Asker: 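Attaching a single structure in structure tokens format; questions to follow.
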Amino acid sequence: MNPKALCLAGGAARLPRAVHAGITSIRRGNARPEWPALDANRAVIASTSGRVSSSGGRRLDGVSVVAVAGQIRRDGDVDSDGDVAGEVDVAGEVGGDRDGVSRSGSDPRAGAGATLPAYVSRLMDPSAMPDLPSVVTDLSRDDNAALDRIIGTMAKHRATWTRSVLLFDWLVEHGHEVDERLCATVIRLCTSRGNPSKALEVYKWMRLNRVPCSLFTYTSVMKAALVGGDIEYALDIFKQASDAIPNEKMDSHIHTLLIEALDRKGDIEQALQVFNDVQEGGASVPSVQVCTATMKAASNAGKVDEAVEIWNDMKLKGTKPSAHAYATIIHVHGRAGDWKEAMHKFDEMVNRGIRADVVSCTALVDALATNGAWTRAERFMEWMRRQRIHPNVRTYSVLVGAYVKHAEFARASALFDQMQSGALGLKNRPNEFTYSVLIKRLGEKGKWEEAESVFMSLQRAILDKKASSDHSGNERPGGYPGAGTVPRVGNKSTRTGGPSVNAVVCSSMMYAYERSGQWKKALELLDISDALGYRDNVVIRNIALSALAKAGQMAKAEEIFAGISAPDGVSFETMVAGYGLVGQCTEAATFMKGMRAAGFKPNDYSYCALIAGHSRNGSFTEALGTFNRAREAGINSVHLYNAMIASCDRFYKYDKAVQLLEEMNAASVERNGVTKHLAVGIGESGVATVQSQQEAILALTAITAAAGGALIRLGVF
């Protein structure tokens, strides 16, 4: 970090002695420190000189300061979705160094106005009540650089960060000419502190009042939209940025976020295209952040080969892998079931002199334990402790989930109890991620009742805490267990308040019901999630749709679909698959048409469902036509061939089935277990009828698996 950034971030080594003394006095409880004027040479360069319009004094709508104790995420931390290969923070700490991002229109008077009124300085003292006047008379636009510094400093401390937002809102309400840099600082601090909705509110106010935005601000806002789960808005912000910023100025940070947004939307092909476009844009050495995000996107879509290819190409072109990149490729191999290669990559990382951290180690624990080598995972965790790399709550959580996956229920229960008792450290008590993993793994084993018991135990724990809080006179809002029990914004909650029944936990429970065919239970849970404030959570509703579709309850599924404010590709796919399963191909085709109209490209599962539906209705010609249209659309997957081969078997079209098997070989489409079963069973009595229905169910299962992957991507960290 450069000297200017240290000055802003509060680094004592580069601060003028008098300023350091002022900060020290605040930390010791002095409510009225004397702040000297900073020398202009030491001040951080101010932001753009864009002015607010005549409506600049308008109060921000819905201003609400919520004391959410979040955590600033940096490269190498566990990301917001709880994954080991997550988002890359784009520009250091809140209010800190901009990582060299161009800041157009810098104000040469950066050091002016550094001495702020006492009522502003007092905000930095947690023991002093805020006392902001009703009229702003002693602040001007020249003070914005100093205001930016004080907001950035307050943002670093849990006791004062909400005062940063309070000060900003007060400035806007009273007509102060806030500049772009001040807005960008508030956007970043709100995002990092778990209040992305407030960050987006600030940006919308900037747009309304024509405050110009730099690339840094667009990147910060895009990050806020992703943290808040608003993927479509994140993509819209990228478009706004690309319209305002020359293409050659668009850097790796914003492209990394674009790839992440496309990944979370499920548009892996577009994410890979963005990666290729960035590479062709002239970068001789690809950015490690862009490569890491693209590897993760490919892995999430099951395209392990593409992820490994990106890794190999990155190294071939001379890009030095970071610890975060190694954690990602370890995770990729773990997802592919290759724990030995995951271990090899970890050894390679250490041999290259890159220090192992808890993120890369957790990635290896996950790869080992999830793929059955959980005894090796246990031994590796002993090695971690000897190296003073302390396992965190995610490390223990993935181990609990792995135990359940491999039916080691006693081990899972014992480890969960240790976490819950605090024996593994207070910070390692079960959190939302722990509960979501445990519930999801139980659901995968068909143990929905046990999953429900875990879900209910969390609700009971929240009720007990709420009752205790009410008894002590500290009443908290919320009409349902988990609603408002801890301050919560989006999918986040405070670490100190304990886990909440958040969107990820609800999604995991919904997934358990869906896997077990408990569609009535799924509907009950949908009412609960709505009461908790997750009515607009598309993942929860998509899994409920799948539960209903598998049960043939398409009328109820239509009702749920109609209530989704912004259906995504999975929403449409599930409806297409559901109608295909019951042979209502007209309705399935209607939803496929609506899918295209909404900007989503139908994938192989959508076409599989239509093929199965036509087969069920006795129309081989329509099934074959659907298959050919899928091929023309560039779809060439094993699932598509399986669906058509099953249709051939049903209608005794053995020659066509053999032809399709030969085409698969010629096109290098690798056969899976379903293909082999179909090849063996062609012509056997009764296989055709069963198989065509199974293929539709396979389509639904695959779609639900994609939604299940999205659970972790939405995450709680």
Side-chain angles (χ1 to χ4, degrees), residues 78 82-85 299 304 307-308 323 326-351 354-425 427-431 433-447 450-451 454 508 512 515 705 708-709 711-712 717:
V78 177
D83 213 339
V84 293
S299 174
V304 176
V308 173
Y326 268 106
T328 303
I329 194 63
I330 290 167
H331 185 66
V332 166
H333 288 304
R335 279 200 152 187
D338 193 349
W339 60 264
K340 291 182 180 179
E341 187 59 31
M343 286 187 66
H344 173 71
K345 288 295 190 294
F346 184 87
D347 291 340
E348 177 185 302
M349 178 187 73
V350 174
N351 291 335
I354 299 175
R355 189 179 183 279
D357 59 13
V358 69
V359 179
S360 55
C361 288
T362 298
L364 185 55
V365 169
D366 194 6
L368 291 169
T370 302
N371 292 294
W374 48 265
T375 53
R376 286 179 180 268
E378 291 171 339
R379 291 198 298 271
F380 178 72
M381 288 175 68
E382 293 172 2
W383 176 87
M384 287 175 62
R385 296 184 186 96
R386 290 196 298 271
Q387 300 298 315
R388 297 187 178 181
I389 303 172
H390 302 292
N392 62 17
V393 65
R394 177 178 169 83
T395 317
Y396 290 115
S397 297
V398 297
L399 189 56
V400 168
Y403 285 148
V404 174
K405 179 180 179 180
H406 296 286
E408 293 288 337
F409 299 115
R411 287 177 179 270
S413 180
L415 181 55
F416 185 81
D417 288 345
Q418 279 186 292
M419 293 176 70
Q420 206 162 35
S421 69
L424 300 175
K427 291 184 178 180
N428 291 328
R429 283 177 171 169
N431 62 9
F433 179 74
T434 313
Y435 280 99
S436 67
V437 169
L438 181 55
I439 291 169
K440 183 172 179 286
R441 290 297 190 195
L442 287 168
E444 289 171 348
K445 301 296 287 186
K447 295 183 174 292
E450 289 83 349
V454 173
S508 296
R515 286 294 296 263
L711 305 185
I712 305 304
F717 293 129

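Given the structure is predicted, the values throughout are model-derived calculations rather than measurements.
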Asker: Nearest 0.5 Å please: distance from the CZ atom of F433 over to the NZ atom of K440.
Answerer: 9.5 Å
Asker: Look up atom OG1 in T434 and atom CE in M419, then write down how far apart they are to the nearest 0.5 Å.
Answerer: 4.0 Å
Asker: Taking the side chain as every heavy atom from C-beta outward, state whether V359 and T362 have any pair of such atoms under 4.5 Å apart.
Answerer: no
Asker: Counting heavy atoms not belonging to R385, are there more than 12 under 6.0 Å from its CZ?
Answerer: yes
Asker: Tell me, with the steps shown, if E444 and R441 meet salt bridge (Lys or Arg N to Asp or Glu O under 4.0 Å).
Answerer: CA-CA 5 Å; E444 289 171 348; R441 290 297 190 195; 3.0 Å; yes
Asker: For a quick test of reading the model, state the closest non-hydrogen atom pair linking A307 to I329 and the distance between them.
Answerer: O-CD1, 4.4 Å
Asker: Can you name the nearest heavy-atom pair linking A356 to C361, along with the distance?
Answerer: CB-SG, 4.0 Å
Asker: For A451 and A512, work out which heavy atoms get closest and say how close.
Answerer: CB-CB, 4.0 Å
Asker: Show me the donor-acceptor pairs, under 3.5 Å and distance only, between side chains in residues 400-417 and residues at least two apart or in other chains.
Answerer:
residue, atom, partner, partner atom, Å
Y403, OH, E378, OE2, 2.3
K405, NZ, T370, O, 3.1
H406, NE2, A369, O, 3.3
H406, NE2, T370, O, 3.0
H406, NE2, G372, N, 3.1
R411, NH1, E378, OE2, 3.0

Asker: What distance separates T395 OG1 from N392 CG, expressed to the nearest 0.5 Å?
Answerer: 3.5 Å
Asker: Answer whether the closest heavy-atom distance between the side chains of V358 and H390 falls below 4.5 Å.
Answerer: no
Asker: Got a second to check how far I330's CD1 is from D338's CG, nearest 0.5 Å?
Answerer: 12.0 Å
Asker: Calculate, to the nearest 0.5 Å, the distance between atoms CG and CZ belonging to L368 and F380 respectively.
Answerer: 7.5 Å
Asker: Show every donor-acceptor pair shorter than 3.5 Å between a side-chain atom in residues 339-349 and any protein atom, with sequence neighbours excluded, or say none if there are none.
Answerer:
residue, atom, partner, partner atom, Å
E341, OE2, K345, NZ, 2.6
E348, OE2, K315, NZ, 2.7
E348, OE2, Y326, OH, 2.7

Asker: Could you measure the distance from the OG atom of S397 to the CG atom of D366? Nearest 0.5 Å is fine.
Answerer: 10.5 Å
